[in-house]
Engineer: 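Could you have a look at this structure, given as structure tokens, before my questions?
Values below: every heavy atom of this structure, side chains too, minus hydrogens, waters and symmetry copies.
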Amino acid sequence: MISSFCEHNQPDEVRSERVRSLLEHAVGEARTPTGTPVWRALHDLFLTEARLRGAGLVEEAWLGLDRPAVRRLAARFDRLFFGRGGRRCRLPGGALMGSVGPSVGFVDDQTLSFDVDEPGLHRTQDLPKRPGGSNLSLLLREVDLLCRDRPCGAIGRPALVERFIAGNWRYCLQWPPFAPAGGVLLVHSLNSTSRGIFCALTAGEVETIAADVVDEMADLWTNDRVIAARVCEASDAARRVATTLDGVRFRCVTVQLNDHVPFSPVELCVEFDAIDDALRQGTVMQVIRSAQAPGKAVGMHGLLRSLELETLRHAGADGRIDEMALSIALVSTDGLSSLLVRLAEKYEVFADVAVPSGLQRYKLFWCDGIIHASSWDAGRLHVWKNEIRVEGEQMPATVLAALRGKPLYRLFDSPFRCSALIRSAIDYGTFIAVETEVGSQLVNCVEGKVFTRSPS
């Protein structure tokens, strides 16, 4: 079950019910494209604004709306959340509402979206990342239906698979090995794309994905011999590489055809069982671009981490953590040690940091043996490894230039104090982009500790 974003600091129950009644009477039984009653979505906007801006003033503002005003608000909400155009606007209590993408919007520093299986408007951080529920069931049914009586149906039925690669989970539909194409496995990514978050897709959007999937199956069926030549060359090269390395085994070759240009070479991905990004046995991928010869593209990259792991273990460590991730973990509600212990088994964990409006959520994740950080739903502050983007800030170029070589905390106030040095800071008008020079420290995740200096 998804936890509600309005569990804390709720407005007065009686007044909240009065707002709900006002909204329901104003918009009636209208529903959003994701199936949530419009009055329910508006009421969740009210609860969000009350939590962010304070219940008293927000209650008065919403209760002061008449029915035409509610309908105008509903229309603005529809335009912003469902891609029908429109600029940012103010909610009745003064909070800023705007669009992030299909079915995704924000209220001040809170990003919100939908789940077709859980009516209401939810914090994106509470929504499932892994595709599932009724949308996945509908997608698989539609693929079966469209494949009926078509030759490409012989490729088989797909299953959902997941891989953690370069700091992100990748969720794909994957088919069985297709012998006529060299034993390649067809995959189709279900990660959030330009269509939006998977659980927030409408039935029509899911049906469009199903049609695309079947087109890719047909592409593989039609071009099996051409694809087989590249797959066999890649497989042979991967087996040769694997035989030269201890603890490395060639697993398979996959192909994703959603961006394939007809009559051009396909892009392939070779998978190995080896020491992965989290320095434990897992999956390592090598991508073979369409312009590359498979026999030359497959190599040692990503397959030599066993040597690094041996060096770390000799020092009593099992990885590293960069300065950004460490500064966030130190002020998180769970605490540094708890997060590290969880990262001894997981590829990513979430770290909540207390701020005046509630909690900001960050993700700590493994990438190439180092624990990094990214913002998950952190409002104005967007973090990715050593880069930060600060929304809504402007500074003269001379001031930004003077900050080069200074610690990051000198640039702006943040819930965490990071001493990484600023390499560059550029004002793009609506945001400031900052690149830092982050160092890293040894960690022993199993024991939940960081070494302030290299252990002797």
Side-chain angles (χ1 to χ4, degrees), residues 1-7 19-20 22-49 51 70-89 91 95-108 110-143 145 160 171 173 188-213 361 376-377:
M1 290 290 292
I2 296 176
S3 60
S4 170
F5 61 77
C6 52
E7 290 173 347
V19 172
R20 186 204 65 77
L22 166 67
L23 299 173
E24 189 171 6
H25 282 89
V27 299
E29 298 180 358
R31 290 181 177 269
T32 69
T34 57
T36 287
V38 172
W39 70 262
R40 171 73 178 270
L42 293 178
H43 192 250
D44 285 341
L45 287 176
F46 158 69
L47 293 173
T48 302
E49 188 177 34
R51 181 177 62 82
V70 171
R71 296 188 186 107
R72 288 194 296 271
L73 177 60
R76 289 194 293 269
F77 160 76
D78 181 68
R79 287 194 299 270
L80 290 172
F81 273 75
F82 296 101
R84 294 174 174 82
R87 298 180 178 180
R88 299 175 177 183
C89 69
L91 291 175
L96 185 64
M97 178 173 68
S99 175
V100 175
S103 303
V104 185
F106 68 87
V107 173
D108 282 351
Q110 188 72 76
T111 310
L112 307 167
S113 189
F114 296 87
D115 183 341
V116 295
D117 295 318
E118 294 282 350
L121 197 54
H122 307 276
R123 295 184 302 182
T124 52
Q125 67 192 57
D126 295 329
L127 292 172
K129 292 190 301 174
R130 190 179 192 274
S134 59
N135 272 353
L136 181 60
S137 298
L138 174 61
L139 176 59
L140 296 175
R141 286 199 308 272
E142 285 295 313
V143 170
L145 181 63
L160 183 68
Y171 303 99
L173 292 182
H188 178 93
S189 175
L190 294 181
N191 281 42
S192 296
T193 63
S194 59
R195 291 190 180 95
I197 300 172
F198 189 82
C199 66
L201 296 178
T202 65
E205 290 168 332
V206 173
E207 290 165 0
T208 299
I209 294 175
D212 292 342
V213 165
R361 175 159 288 188
W376 184 251
D377 188 18

Engineer: Can you find a heavy atom in the side chain of R123 that is under 4.5 Å from one in the side chain of T111?
Structural biologist: no
Engineer: Using side-chain hydrogen bond (donor to acceptor under 3.5 Å, both in side chains) as the criterion, list what pairs up with T34, not counting sequence neighbours.
Structural biologist: T32
Engineer: Please round to the nearest 0.5 Å and tell me the distance separating atom CG of N191 and atom CZ of R130.
Structural biologist: 12.0 Å
Engineer: Would you sort out whether H43 and V19 count as a side-chain contact (heavy atoms from CB on, under 4.5 Å), showing the intermediate values?
Structural biologist: CA-CA 7 Å; H43 192 250; V19 172; 4.1 Å; yes
Engineer: I'd like to check the side-chain hydrogen bond (donor to acceptor under 3.5 Å, both in side chains) partners of E205; sequence neighbours left out, ordered by chain and number.
Structural biologist: T202
Engineer: For L96, give me all partners under side-chain contact (heavy atoms from CB on, under 4.5 Å), at least two apart in sequence or on another chain.
Structural biologist: R88, R90, F106, D108
Engineer: Who are the side-chain hydrogen bond (donor to acceptor under 3.5 Å, both in side chains) partners of T36, not counting sequence neighbours?
Structural biologist: none
Engineer: Applying ring-ring contact (aromatic ring centres under 6.0 Å, His included), can you list everything that pairs with F77, at least two apart in sequence or on another chain?
Structural biologist: F81
Engineer: Answer yes or no: is there a side-chain heavy-atom contact under 4.5 Å between L136 and L190?
Structural biologist: yes
Engineer: Going through the distances and angles, do I209 and V143 end up as a side-chain contact (heavy atoms from CB on, under 4.5 Å)?
Structural biologist: CA-CA 9 Å; I209 294 175; V143 170; over 6 Å; no
Engineer: So how far is it from S189 OG to L173 CG, rounded to the nearest 0.5 Å?
Structural biologist: 9.0 Å
Engineer: To the nearest 0.5 Å, what is the distance between CZ on F198 and CG on L127?
Structural biologist: 13.5 Å
Engineer: Go through the structure and list residues passing side-chain hydrogen bond (donor to acceptor under 3.5 Å, both in side chains) with E24, not counting sequence neighbours.
Structural biologist: R20
Engineer: May I ask you to test the S103-I197 pair for a side-chain heavy-atom distance under 4.5 Å?
Structural biologist: no
Engineer: Quick one: does D44's side chain get under 4.5 Å of W39's, heavy atoms only?
Structural biologist: no
Engineer: Roughly how far, to the nearest 0.5 Å, is the CE atom of M97 from the CG atom of L112?
Structural biologist: 10.0 Å
Engineer: Do C199 and F114 come close enough that some side-chain heavy atom pair is under 4.5 Å?
Structural biologist: no
Engineer: Any side-chain heavy atom of L45 within less than 4.5 Å of one from L121?
Structural biologist: yes
Engineer: Quick check: closest heavy atoms across A95 and E49, and the distance to 0.1 Å?
Structural biologist: N-OE2, 2.8 Å
Engineer: Enumerate the side-chain hydrogen bond (donor to acceptor under 3.5 Å, both in side chains) contacts for residues 131-141, please, sequence neighbours excluded, ordered by first and then second residue.
Structural biologist: D117-S134
Engineer: side-chain contact (heavy atoms from CB on, under 4.5 Å) with A74: which residues, sequence neighbours excluded?
Structural biologist: V27, V38, L42
Engineer: Report yes if the side chains of R40 and L23 come closer than 4.5 Å at any heavy-atom pair, otherwise no.
Structural biologist: no
